[in-house]
Amino acid sequence: MIPTSVRWIADAVGHLEILDQTLLPARCEWLACRDVPAVVEAIRSLRVRGAPAIGIAGGYGLVVAAGEAVRDRLDAVRGRAHVLARAEEIATARPTAVNLRWAVERCLRVIDALPPETAPIGLATTLLAEARAIHDEDRRLCDAIGRNGSAILPAGGVLTHCNTGALATGGAGTALAVITAAWDSGRRFEVFADETRPLFQGARLTAWELVQRGIPVTVLCDSAAAHLLATGRVAACIVGADRITANGDTANKIGTYGLAILAHAHGVPFFVAAPSSTFDLSLDTGAEIPIEERSAGEVLRPLGVAAAPDGAAAFNPAFDVTPARLISGIVTEHGVIEPVCRERILAVVAGVPNGSSPAG
Ligand code: MRU
């Protein structure tokens with residue numbers, strides 16, 4: 001069974017529930033988010049995480065904001081101002097994955113189109129329809145990414161990093177959907193998951209998803225990847241993305257860049273899988289992507305256990321940027337971008353013939 005990361009409960013003045021990923025794999029518990037601070041906290045603490053999933057949670061977060069305005073009996077003008085202010089809090093909860101701001105802005109556009117006298121309940125109803133549309137679309141995009149990617153995966157073992165499955169999206173996942181689609185088509189191969197320090201998304205979440213699905217998985221320390229690649233047991237690496245710029249540079253979980261260099265050094269193809277909502281064509285190169293820095297405690301006290309002495313400092317960027325030249329192909333819902341260059345990205349993602357100029 002494919003797990004779900006978020007769900008909406010009841011009608012437009014209902015609430016958001018999040019499968020608390022910080023508790024996995026030990027416990028499977030749903031967390032009710034009835035106000036915007038709870039939604040923001042869940043996103044910041046990685047209770048819900050993964051670029052598409054935080055976009056979906058952000059969309060539902062706006063419904064929660066409109067619900068607050070209904071409960072506080074705000075009039076149309078104040079209700080709208082309240083939603084707009086809350087929208088900014090949600091959009092900035094995490095800076096790197098562009099899907100979050102993308103989803104919030106998409107929801108704001110639908111309420112922009114409503115008459116100014118629309119009461120908060122009207123905003124909530126319209127926002128819920130849009131948030132559900134984003135969620136449903138993501139499910140379909142994941143299936144398309146799985147289909148498109150499984151066709152390009154060479155025979156042999158696959159190595160992935162972080163978690164890019166159902167927990168990170170609204171459907172079957174991105175990179176993990178490619179792996180599971182290939183497996184479901186009858187192909188058999190070894191699946192390797194980097195543990196993904198410091199928060200262990202690979203060990204805790206990817207391995208959990210694969211075990212749930214009955215797909216054998218081998219977890220390795222991030223530092224074992226070079227040796228694994230040297231053994232020849234890996235035919236391809238495939239990872240997700242948090243933001244891809246116009247030239248194909250890709251931000252993803254910290255450690256991805258190192259893995260791409262290792263794959264290149266060993267002549268192993270390195271693929272990225274992401275929906276078009278992860279592309280930020282307003283940025284030219286990866287140097288412009290904001291990289292989230294997280295707390296020292298995540299590094300110094302992994303899983304709550306002291307791993308370094310008191311007094312030590314920590315460097316804890318949550319993401320890094322892999323240059324386009326190290327990426328063999330980007331799997332999207334529209335097809336595979338290969339080679340990874342500005343022209344192909346514009347053609348596939350923005351539908352610009354020959355990538356001549358950005359779509360309007
Ligand atoms: O910090 P996280 O766990 O939200 O980081 C997630 C990743 O880096 C994923 O690889 C990325 O969001 C793609 S998810 C389909």
Side-chain angles (χ1 to χ4, degrees), residues 2-3 5-6 18-22 24 42-58 93-103 135 138-139 141-146 149 159-181 193-206 208-209 222 237-244 250-260 270-280 286 289-295 298-299 316-322 327 330-333:
I2 296 181
S5 53
V6 296
I18 278 167
L19 181 65
D20 188 343
Q21 298 187 35
T22 62
L24 287 170
I43 294 173
R44 281 211 181 112
S45 307
L46 275 61
R47 299 185 197 286
V48 57
R49 46 141 304 280
I54 62 173
I56 294 162
R94 293 190 76 191
T96 303
V98 74
N99 308 60
L100 180 55
R101 183 165 285 281
W102 171 85
H135 198 167
D138 196 63
R139 244 174 241 133
L141 301 187
C142 287
D143 290 342
I145 288 170
L159 171 58
T160 189
H161 190 72
C162 197
N163 171 264
T164 60
L167 292 169
T169 64
T174 57
L176 205 60
V178 170
I179 292 171
T180 54
D194 278 348
E195 63 178 0
T196 317
R197 288 203 174 211
L199 295 181
F200 297 94
Q201 289 94 329
R204 293 190 303 108
L205 308 177
T206 299
W208 181 76
E209 283 196 40
D222 301 342
C237 298
I238 186 158
V239 300
D242 289 84
R243 195 184 297 226
I244 303 172
T250 295
N252 191 51
K253 179 52 53 194
I254 191 71
T256 302
Y257 175 31
L259 186 60
F270 186 89
F271 295 107
V272 169
S276 45
S277 53
T278 302
F279 286 76
D280 182 353
I289 299 176
I291 298 294
E292 177 182 6
E293 293 254 359
R294 296 188 60 85
S295 73
E298 291 180 351
V299 174
N316 189 16
F319 301 97
D320 56 27
V321 176
T322 300
I327 302 171
I330 304 178
V331 184
T332 75
E333 72 273 22

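Read the numbers this way: they start at 1 and go in the same order the structure lists the ligands and their atoms. Everything quoted here is computed from the prediction, not taken from an experiment.
- Under 4.0 Å from ligand 1, not a single heavy atom of Thr278 appears.
- Heavy atoms of Val239 found under 4.0 angstrom from ligand 1: none, in either backbone or side chain.
- The neighbour count for Phe270 CZ, taken as heavy atoms of other residues, nucleotides or ligands under 6.0 Å away, is above 12.
- With a 4.0 Å heavy-atom cut-off, ligand 1 is reached by the backbone of Ala51 and by its side chain too.
- Among all non-hydrogen protein atoms, the one lying nearest atom 11 (C) of ligand 1 is Asp242 OD1, 3.2 Å.
- Regarding atom 10 (O) of ligand 1, its nearest protein heavy-atom neighbour is Asn252 OD1, 2.6 Å.
- In this view, Thr206 and Asn163 satisfy the side-chain hydrogen bond (donor to acceptor under 3.5 Å, both in side chains) rule, not counting sequence neighbours.
- Residues satisfying the side-chain hydrogen bond (donor to acceptor under 3.5 Å, both in side chains) test with His135, not counting sequence neighbours, are Tyr60, Arg139.
- Using modelled atom types and a 3.5 Å distance limit, the side chains of Thr22 and Asp20 yield a donor-acceptor pair.
- By the criterion of a heavy-atom distance under 4.0 Å, neither the backbone nor the side chain of Ala175 is placed next to ligand 1.
- The shortest side-chain heavy-atom distance between Val178 and Phe271 does not fall under the 4.5 Å cut-off.
- Per-residue contacts place Thr169 under 4.0 angstrom from the following atoms of ligand 1 (heavy atoms of the residue considered): 15 (C).
- Residue Ala168 approaches ligand 1 through these ligand atoms, each under 4.0 Å from one of its heavy atoms: 14 (S), 15 (C).
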**Message:** Using side chain to side chain contact (heavy atoms under 4.5 Å, CB included), reason through Thr160 and Ile179 one step at a time and then give a plain yes or no.
**Reply:** CA-CA 9 Å; Thr160 189; Ile179 292 171; 4.1 Å; yes

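- For ligand 1, the atoms closer than 4.0 angstrom to any heavy atom of Phe319 are 1 (O), 5 (O), 8 (O).
- Nearest residue to atom 5 (O) of ligand 1 from Glu292, Lys253, His161 is Lys253 (criterion: closest heavy atom).
- Between Gln21, Arg94, Gln201, Arg243, it is Arg94 that holds the heavy atom closest to atom 4 (O) of ligand 1.
- In summary, Asp222 and Arg197 do not engage in a salt bridge, as defined by a charged side-chain N under 4.0 Å from a carboxylate O.
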